[in-house]
Structure formats: structure tokens, C-alpha cells
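Read through the structure below, which is laid out as C-alpha cells, and then see the notes.
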Amino acid sequence: MTNQETKPLYVIKKDGTTENFDISKVVNAVKKSAARVLIEFTQEDLDKICSIVEEKVAQNPKNEVYIHEMHNIVEQALESVNRSVSESYRNYRNYKQDFVRMLDKVYQESQKIMYIGDKENSNSDSALVSTKRSLIFNQLNKELYKKFFLTVEDLQAIRDGYIYIHDMSARRDTMNCCLFNVGEVLKGGFEMGNLWYNEPKTLAVAFDVIGDIVMAAASQQYGGFTVAEVDKLLAPYAEKTYEKQYARYISMGLSFEQARKEALNDVQTDFEQGFQGWEYKFNTVASSRGDYPFITITLGLSTCEFGKMASITALKIRQGGQGKKNCKKPVLFPKIVFLYDKDLHGAGKELEDVFEAGIDCSQRSMYPDWLSLTGEGYVASMYKKYKKVISPMGCRAFLSPWYERGGMNPADENDTPIFVGRFNIGAISLHLPMIYAKAKKESKDFYEVLDYYLQLIRKIHIRTYEYLGEMRASTNPLAYCEGGFLGGHLNIHDKIKPLLKAATASFGITALNELQEIHNGKSLVEDGQFAIEVMEYINKRVAEFKEADGNLYALYGTPAESLCGLQVTQFREKYGIVPNVSDRGYISNSFHCHVSEDISPIQKQDLENRFWNLLNGGKIQYVKYPISYNREAVKTLINRAMDMGFYEGVNLSLAYCDDCGHQELSMDVCPKCGSKNLTKIDRMNGYLSYSRVKGDTRLNEAKMEEIKDRISM
């Protein structure tokens, strides 16, 4: 090419830098584009493409060409040789442009995270470097999920706000909340981090090893991580410590009675130090995700000596709090759930002392939350029939039954369900008042529009089961190889698909109160009939999907944290400000009455009971106690909730002065020393969180506005 010989030609890249024009780069690019559509160019084809490109470039009067001009030239050359390859080349260019836009968005978000912080998840301290890094990665992962997993239909639905896909930053990698089978992992020893751990021989070692297992395994998932019936889990190791210490004291010449007393004191000390160690670890050591893992323990049913000791000690440690002398306050993790059986915990019953310790703890620190196993409803029915406990995963998610031999349905009357060792693969929530507004605006039947979004969620769940099934067991060895999950004794190279048959996927709902409001201008306190009809309809459709697809779908009352503000913004953009629907900065959580309703705790329990058995995939009921540490009031309402079959939370709103240690239910300035250096703990949804710490809050503005409006919650 004569013109090129007389003068050098430069290509100006996107970043402004230049490089010499090199025809071999064109050849490589077109070969790759051809390979993507399974075409292989002949040398004659390549020569023709190069000739056209060189001719076009030579016509340029300057000795430089911009990269976008070069792409157009190559595209034209390909068009004259093979249109399929030309289209492949063009699509790849668009794909790279999409990536540029996506990375720009990630960059913008990363700048906000670095210099402002993030309050989407109250369990994350975005001031920490490790958390900032994790949040930035999460933003990238979220964009990759939207780019490569979702359809245009899905993207439109989430962008408009009709559905919300929870945890998009993690759904490509792993599963959601779980009931991790720690006992199965411990039994006989296990491998973690290429090291072999022997099964603990003492209680103190058991606490340490269980803490390590929990932190390692919880880092490999998102959502709540529950260690179920921890009193029964720890009791055998307490027995080992007792026997070892008893034998030691006997060998020292102590009497049987004195040896027993000293050995029991040693076990008690190990329990106290063990639970305190967990509280330190679970509240100060962030996971690889950058947050403090949402750890829950359930307890209260063990009737043996050491099981009772475990429950009572855990509750007393929580009640006593952690911190400087005279400035102690309760920690947030692990969340404690008390498993209530009226035949064990009633007055004069075998575990009355355990129950009273739970009441003492709740009236001072809000936890434990209380799960009825002998009232009415789904959870209680499983316990009464099979003596199997369905502990909540995290704050409120419950597993559907999976039977040992029959799977989704019992093989016969002797088949029993399994709950421990199972998990959820994610939740997607419907924004019900927004779907109603869409139907009204477009003059369509509400249920027709609702069906469209239910089907959309169903398709995403199906793809999620298929996608996660291709992952290898090596992604979470404690769960998939060491028995943490049901069937989890796979080889590290095995796919996890067989384990997913027992996993649930959730259809969530938000703003049921606002749905009733937009329907007839009445709240759930004033009416609620339409809301009930909608929930019954969704239950019917989800049951049909479950039967047709063979997947364990469940209906879930969504605990909207940052979502409570996002959904208002989305509604306003589409349908403006509607009184009692979008005129506040937040929407109501799941099926709850509006927080500003001036109703009594008993009225709230009765009103929300209408929806209780319509949300068996995830639910919690809570009431606010507008009284100062009134133990009898707390006890009365918990007993009532247990008779009704609730999973009940105590809501007090706690405030602590970090300077002098004074505490009240609510204060913004310490009345004792005048300090504003306060820690305030409020119920987020089904869990507790800091609404104030060192002058700031980890909660978003919408949630803080909701907390200010609370009367009945």
C-alpha cells in the first residue's frame, strides 16, 4: 500500500492514547467474531477483508484514525464477505460498550461508598475498609447479574418497581438463608481449610470450633444462618467436660458431692465464657461479605441438666450485655429464638425456670423472640405431629416440609419431615399496591396483572434452581462436603444439583396495608377483606406452581429494610402521591398494620392473626410495649401470642448512654449526665439493629422516618 509506506498511520484509542495501525489485529478480531457464530474464514476471505480495510484507511487524509472509525471500516468489510460475522462483530462492540456503561455505574456507586458510605444493610459498617471493598464488589456483581441472568422483561419489572429481586449482588454465587446442621459437621470430625478438625472433647473447645464453623460457613452464603436447638447441640460436650472434671476432682481426693459441685461449676463457667465468646465474635468479626453475619440460635426445649444450663446461661449472658463496667448493653448477634412448648414451659412445668429466664431477658433486651410450637398454625402442626421443630432462618423465613422418603409429599403415614440442614435459594417480592395501580390505570383486571408478575417470578426461580445446580461442592465445603446441608457429603468436584431438591424459593409480598388503602381507602385496621382475598389467591397460585414445577415454593412476608423507601420512590414515579399509599417516605412491612395506628398490642395481635396462616414461608408478629420494662405485661402478651401460635417479637426501643451507663426506653440526651453519646437499639423488622451509635445511624432515612411514626410497633 503505497500511501501507508510514505507515512505512518496511527489509531487513536478510546482513552486518547495512540498506537501504530496493525492489520494483524484486524485479522484476529474478525476471526474471533467468526468463531462466535461457528464460521471459519478462508485465507481468501481474510485477504479480501484486509484489502478493503487497508483501502479505506488509506483514503483518510490524516495519518490518524479514531478507533470507532476503525470499527465501522471493519464492519463494512465484513458485510461484503459474511453478514452473520458482521452482526457478530457489531454485537460484540455493543457488548463492550454496555460493559463500559456498567463499569461507569459501578465507579459512580463506588465513589459514594468510599466517601459517603452505604445504609442499605444495617448489619454492615460501611466505615470499614473491608466493608467498602465488599460493597463495591457487590455493586459489580449486581450489574453482572442483571446483564447476564435477567431478561428484558425481568429488567423492566424491577426497574419500574413491580417486583424486587432481593440480594442481586449475591444470587449468582450461592444460596440464601439456612438451618445449618452443625451437629452433622462436628460428628466424627471434619475438614476445614485443608486442615482436619477432630470432634471436640470438651465444652470449651466445642464453643471455639462451632464459632469457627459458623463464621466460615456463613461467609459462603447470604441471608440468615441459624444454628437450631443449640441447647441440645451443646449438652453432650458439656457432659464430656463434666465427666472429665468430675474424675479429676475425685482423683484429688474430693468427696463425690464436692467433686460434683466443682465439676458443675466448671461446666457453668465454660458456658458463660463460651456464650460471651460467641457474642464478641459474631458482633466484631465481619464476614468476607463485609457484614456481620446474621446468626440466629434457637433454644429452650432441652430437658437434660446441661441443656437447661445452656439455655439459661445464654439468656443471662444476653440480658447482662457487653461493654465497659457500668456501661453494658445487649449485643445484636446471635439473634435468640425461644422454642415454646406449653407442656414444658407453663407454670409448674419441667422447664418453667427456662421460660422465666427468657421473660427476664426479653423485658430487658428485647430478645429472645418467641416461637410457639404448641399453638395453632403450620409450625406448631409439624411439632405436634412429628416433634420436629422448624426454626426460623434468620429473622423470619420458614422451610416447607421435605420428607425423608417421599420428598415434597410423605411416602406414607410413617414418613417424617426433615428441616435441619436445608436452605432457601432466594426471595423475590411483589409490590402489591403498585401492581394494583397499574391494573387500574390500564383498565385491566387486577388478578390478570398480578398473574403476569407471579409468572415472571416463577420463571426466575426456575432459572435460579438450574443455574445454582451447576455449581461445584467446592464452593462451600462445610455445607456440601462435610454435611452442613442435607445430602452434603459430596466430592468437591460434584455438582450441587441433587441438594437443591429440598431447597425453597420464596415469593415475597410487601405493603399489604397500602394495597387495602388503594383498593377502598381503608387500612388493615378498618377493613382488610380485600387483602385477605389477594393473599388467598397468591397462595393458590403458588401451590399450583409448586405442584407443576416440583419446586418448594413458599409465600413470604417481606421484611423491607431499604426497600421500604425504594418502593415509595418507584410508586411516585409511576403513579404520583396517593394518600395513605405513597404520601409517607416508606411502605409497610409485609402484612403488618401501619406502624402509626393507635391500637393496643392485643388489637394488633388479633388483626394480624388474620394473615398468619397465609404466609407460611416467612412471618413474624411483634407489638410495641409503651411501658417501662414491665415484666408482667411482657409475659402476659407472650403467653397470649404462644396460645395463638405466633412467632412473637418484643419491641421496646432501648437507649443507652455510652458515657455514664444510664439506660431508658427512649432518650436523645442522657438525663443523668447530659451526654448525647448514645446507643439506641430498635427493631428493624424481624430483627434488632442500631438506630443510633456514636452520633450516627446505620439505618436508612426511610426506616428512620418509620421508627419516628411508630405507635403500635
Side-chain angles (χ1 to χ4, degrees), residues 337 340 362 366 369-373 375-381 392 395-398 429-430 432-433 506-517 519-520 522-539 554-560 564 580 586-626 633-634 636-653 682-687 706-707 709-713:
V337 176
Y340 177 87
S362 280
M366 289 198 269
D369 287 342
W370 298 77
L371 180 63
S372 173
L373 301 178
E376 300 300 319
Y378 162 61
V379 172
S381 71
C395 76
R396 69 173 65 197
F398 291 99
S429 292
L430 297 153
L432 293 173
S506 300
F507 290 72
I509 63 102
T510 60
L512 204 56
N513 179 73
E514 285 75 8
L515 174 68
Q516 186 67 53
E517 287 277 9
H519 174 66
N520 66 355
K522 295 183 178 180
S523 70
L524 292 181
V525 172
E526 297 168 311
D527 189 350
Q529 186 55 42
F530 178 68
I532 292 171
E533 290 171 7
V534 171
M535 293 309 304
E536 289 173 342
Y537 180 84
I538 296 174
N539 265 280
L555 193 52
Y556 174 79
T558 300
C564 73
N580 297 322
Y586 58 91
I587 51 92
S588 298
N589 278 302
S590 60
F591 63 96
H592 300 302
C593 299
H594 199 275
V595 298
S596 65
E597 295 279 9
D598 191 5
I599 53 177
S600 70
I602 288 176
Q603 286 176 300
K604 189 170 190 288
Q605 285 180 336
D606 289 342
L607 287 164
E608 294 182 352
N609 191 37
R610 299 172 295 174
F611 304 101
W612 191 248
N613 293 316
L614 296 172
L615 291 145
N616 287 331
K619 53 190 176 180
I620 188 170
Q621 202 279 333
Y622 35 71
V623 295
K624 188 171 184 178
Y625 294 72
V634 171
T636 298
L637 284 167
I638 286 174
N639 276 322
R640 188 174 193 270
M642 295 301 94
D643 288 342
M644 296 173 77
F646 280 153
Y647 171 36
E648 180 80 0
V650 173
N651 192 23
L652 294 169
S653 185
D682 279 283
R683 185 169 287 275
M684 165 58 72
N685 300 301
Y687 52 97
E706 186 226 83
I707 288 172
D709 289 348
R710 288 179 180 177
I711 296 175
S712 60
M713 184 262 172

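Side chains included, hydrogens not; waters and symmetry mates left out as well; all remaining heavy atoms used.
- Residues Tyr647 and Trp612 meet the side-chain proximity criterion, which asks for heavy atoms closer than 4.5 Å.
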Audit row: Leu373, Val379, side chain to side chain contact (heavy atoms under 4.5 Å, CB included) steps and yes/no = CA-CA 6 Å; Leu373 301 178; Val379 172; 4.0 Å; yes
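- Residue Met535 comes nearest to Leu615 through the heavy atom pair CE-CD2, 3.6 Å, listed as atom of the first residue, atom of the second, then distance.
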Checking salt bridge (charged side-chain N to carboxylate O under 4.0 Å, His left out) for the pair Arg683/Asp369: CA distance, chi angles, key distance, verdict?
-> CA-CA 11 Å; Arg683 185 169 287 275; Asp369 287 342; 2.8 Å; yes
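- The only member of Leu555, Asn589, Leu614 that meets side-chain contact (heavy atoms from CB on, under 4.5 Å) when paired with Ile509 is Leu555.
- Glu514 has its side chain within reach of Ser588: a pair of non-hydrogen atoms, C-beta onward, lies under 4.5 Å apart.
- Residue Gln603 places its CD atom among more than 12 non-hydrogen atoms of other residues, nucleotides or ligands, all under 6.0 Å distant.
- To the nearest 0.5 Å, the span separating CD on Gln529 from NZ on Lys522 amounts to 11.5 Å.
- Side-chain contact between Asp709 and Glu706 is absent, with no heavy atoms from C-beta onward closer than 4.5 Å.
- Side-chain atoms of Gln605 and Glu648 include a donor-acceptor pair closer than 3.5 Å.
- With no hydrogens or angles considered, no side-chain donor-acceptor pair links Glu517 and Asn513 at under 3.5 Å.
- Of the residues Phe646, Tyr340, Phe398, the one that meets the side-chain contact (heavy atoms from CB on, under 4.5 Å) test with Leu371 is Phe398.
- We find the CE-OG distance between Met366 and Ser653 to be 6.5 Å, quoted to the nearest 0.5 Å.
- Of the inter-residue distances, the one linking Cys395 atom SG with Tyr687 atom OH reads 6.0 Å to the nearest 0.5 angstrom.
- The CG atom of Asn639 sits 10.5 Å away from atom OG of Ser372, with the distance rounded to the nearest 0.5 Å.
- Here the closest heavy-atom approach between residue Thr558 and residue Gly508 is recorded as OG1-CA, 3.4 Å.
- Residues Ala531 and Leu524 approach most closely at CB-CD2, 3.8 Å, considering heavy atoms.
- Considering every non-hydrogen atom in both Arg396 and Ser590, the closest pair reads NH1-OG, 3.4 Å.
- Rounded to the nearest 0.5 Å, atoms CG (Asp527) and CD1 (Ile532) are 8.5 Å apart.
- One finds a salt bridge joining Arg640 and Asp606 here, because a Lys/Arg side-chain nitrogen approaches an Asp/Glu carboxylate oxygen to under 4.0 Å.
- Of the options Gln621, Glu597, Glu608, a side chain to side chain donor-acceptor pair (under 3.5 Å) to His592 is made by Glu608 and by none of the others.
- Summarising the geometry of Ala554 relative to Gly617, their closest heavy-atom pair is CB-CA, 3.7 Å, with the distance given to 0.1 Å.
- Ring planes of Phe591 and Phe611: tilted class, angle from 30 to 60°.
- Taken from CD1 in Ile711 to OG in Ser596, the straight-line distance is 6.0 Å, to the nearest 0.5 Å.
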Walk me through it: do Asn580 and His594 pass the test side chain to side chain contact (heavy atoms under 4.5 Å, CB included)?
-> CA-CA 10 Å; Asn580 297 322; His594 199 275; over 6 Å; no
Derivation of the side chain to side chain contact (heavy atoms under 4.5 Å, CB included) call for Leu637 and Ile602 | CA-CA 8 Å; Leu637 284 167; Ile602 288 176; 3.8 Å; yes
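- Using a 4.5 Å heavy-atom threshold, the side chains of Lys624 and Lys604 count as separate.
- Residues Asn613 and Asn616 approach most closely at O-ND2, 3.5 Å, considering heavy atoms.
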